[in-house]
Amino acid sequence: MKVGIEAIAFHCPEHYIELADLAKARGVDPDKYTKGLGQVRMAVATPMEDTVTLAVNAALKALENFDIDPKDIGTLVVGTESGVDHSKPVAVYVHEALGLRSNCQTYETKHACFGAMAAVSSAQDWISCGRARGSKALIVASDIARYGVGDPGEPTQGAGAVAMVISDTPNLLYFDSEISGYYTKHVMDFWRPLYSKTAFVDGPYSIDCYLNALDGALADALAKATIPALYKLDQLQACIYHVPFAKMAAKAHHRHFEIDAGEKIDKESERCADVRKSFAQKTGPWLSLNAVVGNIYTGSVFLSLIDLLRSNTSANLRQISMFSYGSGCAASMNIAYPTPGFERFKDQINPEPALTARRKLSIDEYDNIMKISDSLGTGNTEAFSAGDWDLTGDFLYLGNKDHIRRYSGL
Ligand code: HMG
């Protein structure tokens, strides 16, 4: 049985900042953000958006754009690390907003950015083992990435949600049932304790942890393969990775290339030209959405997947690798096959029109939003009402106002 992605959709906040503006405001050379990190813009969630509103909007688009009956959804999972409640899952708000059936199993998953990939993997198993009985799984990756204002992590924030319907009629892509490599290790690279709204991170160490996890997950995948040669880089037309910032995917591909070639490749060496060429063919072109949205944590690898699928056809895309990483840390390496004819859904999945319609914020407006967001939940209603946000904007689903007020205690 082929199990994979039948529908996919992305929802992004309607506001963004230019990273060159942020760099200037923070006294940093803009090239550091745009070239050094590879990021151009960053999505900014207003105080009227949270992981519920983002998730609901993405899920609605996935169902509507692919004409999927909500009654067919038998499992709903939201992967997030920026949920709205320690006990009540984001998924149950989504369940209500979409009007899903009551015999739908509904829950939230968490392991930093790996949470949604873990849910996709469970959904595959649920369908493959026959327990779905013809139903489909709706998996939503929804997050708002926050670091402290002025921290090195600040230009790597972002917000957005990707919703996917997983089924045995995968219109877009199906997963290799034989190959999935895993890696887990307790590390303190990035974490957000219950009392903090922003993440704590040891940036350079988090990059090392990510790359070590890539080594581990790829080695596990290849060890499980009956014919490992089928998963060599020259057999893959695309390699996508978790993308906290675009440059990280370049580092990841460099490591992937080294493992594949069985040799260390110095950045200054002539051999590195081959790495750059491989990156330019297999990874670089599918980072354009991530570069204008930022880190959306659980959804980042799937945003790159959307970019890949909207830009290719079955003629040039037959086999790809997908690496998911969540700090703390857990990772997986999957092999997947784009379904022949997937290109007929290009218009449904292309988020370009919504991204183009976004409104640019000044850095003063962004700073104000960060202040208001930080004060939410602490009873600071004055700060909240001082924000002149359009409470009825299209980006809000019906009932959002109530939901926000309910959980933020306003
Ligand atoms: P930093 O210390 O500000 O930056 O932190 P840097 O000094 O390392 O510079 C970054 C790059 O810009 C370097 O390039 C510089 O050379 C270059 P590289 O050596 O890496 O190729 N650079 C310039 N380039 C052009 N012109 C210039 C210039 N100046 C410098 N003028 C860091 C960067 C990523 C560490 C920081 O932003 C951070 O802490 N981010 C958050 C953590 C993160 O994203 N980690 C990634 C791996 S962990 C992960 O992916 C999981 C995560 O998504 C969370 C989860 O799982 O939930 C984060």
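In each ligand, atom 1 is the first atom listed, and ligand 1 is the first ligand listed. Keep in mind that what you see is a predicted model, and the values were worked out from it rather than measured.
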Exercise for review: Give a yes/no verdict on whether any heavy atom in Tyr147 is under 4.0 Å from an atom of ligand 1.
Suggested key: yes

Practice item. May I ask whether Glu154 has any heavy atom positioned less than 4.0 angstrom from an atom of ligand 1? Key: no

Exercise for review: Say whether, by atom type as modelled, one donor and one acceptor occur between the side chain of Arg276 and the main chain of Ala280 under 3.5 angstrom.
Suggested key: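 Not at all, since once roles are kept as given, no pair shorter than 3.5 Å links the two residues.
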
Shortest protein heavy-atom distance from [atom], along with the residue and atom involved:
{"atom": "atom 53 (O) of ligand 1", "result": "His242 NE2, 2.8 Å"}
{"atom": "atom 26 (N) of ligand 1", "result": "Asp31 CB, 3.4 Å"}
{"atom": "atom 52 (C) of ligand 1", "result": "Cys113 SG, 3.7 Å"}
{"atom": "atom 3 (O) of ligand 1", "result": "Lys32 NZ, 2.8 Å"}
{"atom": "atom 5 (O) of ligand 1", "result": "Pro152 CB, 4.0 Å"}
{"atom": "atom 38 (C) of ligand 1", "result": "Gly153 CA, 3.8 Å"}
{"atom": "atom 40 (N) of ligand 1", "result": "Thr156 OG1, 3.4 Å"}
{"atom": "atom 33 (C) of ligand 1", "result": "Leu37 CD2, 4.1 Å"}

Which of the numbered atoms in ligand 1 are under 4.0 angstrom from any heavy atom belonging to [X]?
{"X": "Gly203", "answer": "35 (C), 39 (O)"}
{"X": "Lys251", "answer": "18 (P), 20 (O), 21 (O)"}
{"X": "Glu81", "answer": "55 (C), 57 (O)"}
{"X": "Tyr210", "answer": "50 (O)"}
{"X": "Asp29", "answer": "31 (N)"}
{"X": "Phe245", "answer": "34 (C), 44 (O), 46 (C)"}
{"X": "Ala112", "answer": "55 (C), 56 (O), 57 (O)"}
{"X": "Lys247", "answer": "14 (O), 18 (P), 21 (O)"}

Roughly how far, to the nearest 0.5 Å, is [atom2] of [Y] from [atom1] of [X]?
{"X": "Met333", "Y": "Leu214", "atom1": "CE", "atom2": "CG", "answer": "5.0 Å"}
{"X": "Glu178", "Y": "Thr226", "atom1": "CD", "atom2": "OG1", "answer": "3.5 Å"}
{"X": "Ile259", "Y": "Phe257", "atom1": "CD1", "atom2": "CZ", "answer": "12.0 Å"}
{"X": "Lys2", "Y": "Leu173", "atom1": "NZ", "atom2": "CG", "answer": "11.5 Å"}
{"X": "Leu19", "Y": "Leu22", "atom1": "CG", "atom2": "CG", "answer": "6.0 Å"}

Practice item. Test Tyr297 against every option in Phe190, Tyr325, Phe302, Phe114 by the ring pair (Phe, Tyr, Trp, His ring centres under 6.0 Å) rule and name the one that passes. Key: Phe190

Exercise for review: Check whether the side chains of Tyr366 and Gln157 place a donor and an acceptor atom closer than 3.5 Å, and report yes or no.
Suggested key: yes

Point to revise | Pair Ser135, Arg101: side-chain N/O donor-acceptor within cut-off below 3.5 Å | key: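 Result is yes, a qualifying pair exists.
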
Practice item. May I ask whether atom 9 (O) of ligand 1 is less than 4.0 Å from at least one protein heavy atom? Key: yes

Point to revise | Any protein heavy atom < 4.0 Å from atom 16 (O) of ligand 1 | key: no

Check your understanding: Where's the contact between Asp151 and ligand 1, heavy-atom distance under 4.0 Å: side chain, backbone, both or neither?
Key ->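 Near ligand 1, Asp151 shows nothing, with every heavy atom at 4.0 Å or more.
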
Heteroatom proximity flag, [X] to ligand 1, N/O under 3.5 Å:
{"X": "Pro244", "result": "no"}
{"X": "Val201", "result": "no"}
{"X": "Ser327", "result": "yes"}

Check your understanding: What do the steps show when you test His111 against Glu81 for side-chain contact (heavy atoms from CB on, under 4.5 Å), and what is the final call?
Key -> CA-CA 7 Å; His111 193 141; Glu81 56 176 298; over 6 Å; no

Exercise for review: Output all residues satisfying ring pair (Phe, Tyr, Trp, His ring centres under 6.0 Å) with Phe66, sequence neighbours left out; order by chain, then residue number.
Suggested key: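 So Phe66 forms a ring pair (Phe, Tyr, Trp, His ring centres under 6.0 Å) with Phe345.
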
Practice item. Start with the C-alpha distance between Asn295 and Thr156, add both sets of side-chain angles, then the distance that settles side-chain hydrogen bond (donor to acceptor under 3.5 Å, both in side chains), and finish with yes or no. Key: CA-CA 6 Å; Asn295 192 356; Thr156 65; 5.6 Å; no

Show me the side-chain donor-acceptor pairs of residues 240-247 shorter than 3.5 Å, one per line, residues at least two apart or across chains.
| from | atom 1 | to | atom 2 | distance (Å) |
| --- | --- | --- | --- | --- |
| Tyr241 | OH | His253 | ND1 | 2.8 |
| Tyr241 | OH | His256 | ND1 | 2.8 |
| Lys247 | NZ | Gly36 | O | 3.1 |

Review point. So between Ala249, Gly36, Ser206, Ala199, whose heavy atom ends up nearest atom 13 (C) of ligand 1?
Key: Gly36

Practice item. Apply the test side-chain contact (heavy atoms from CB on, under 4.5 Å) to residues Asp215 and Tyr183: give CA-CA distance (whole Å), side-chain angles for both, the deciding distance (0.1 Å), then the verdict. Key: CA-CA 9 Å; Asp215 292 347; Tyr183 179 85; over 6 Å; no

**Study point:** Distance under 6.0 Å and angle within 45° of ring axis: Lys88 vs Tyr93
**Key:**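 Yes, Lys88 and Tyr93 form such a contact.
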
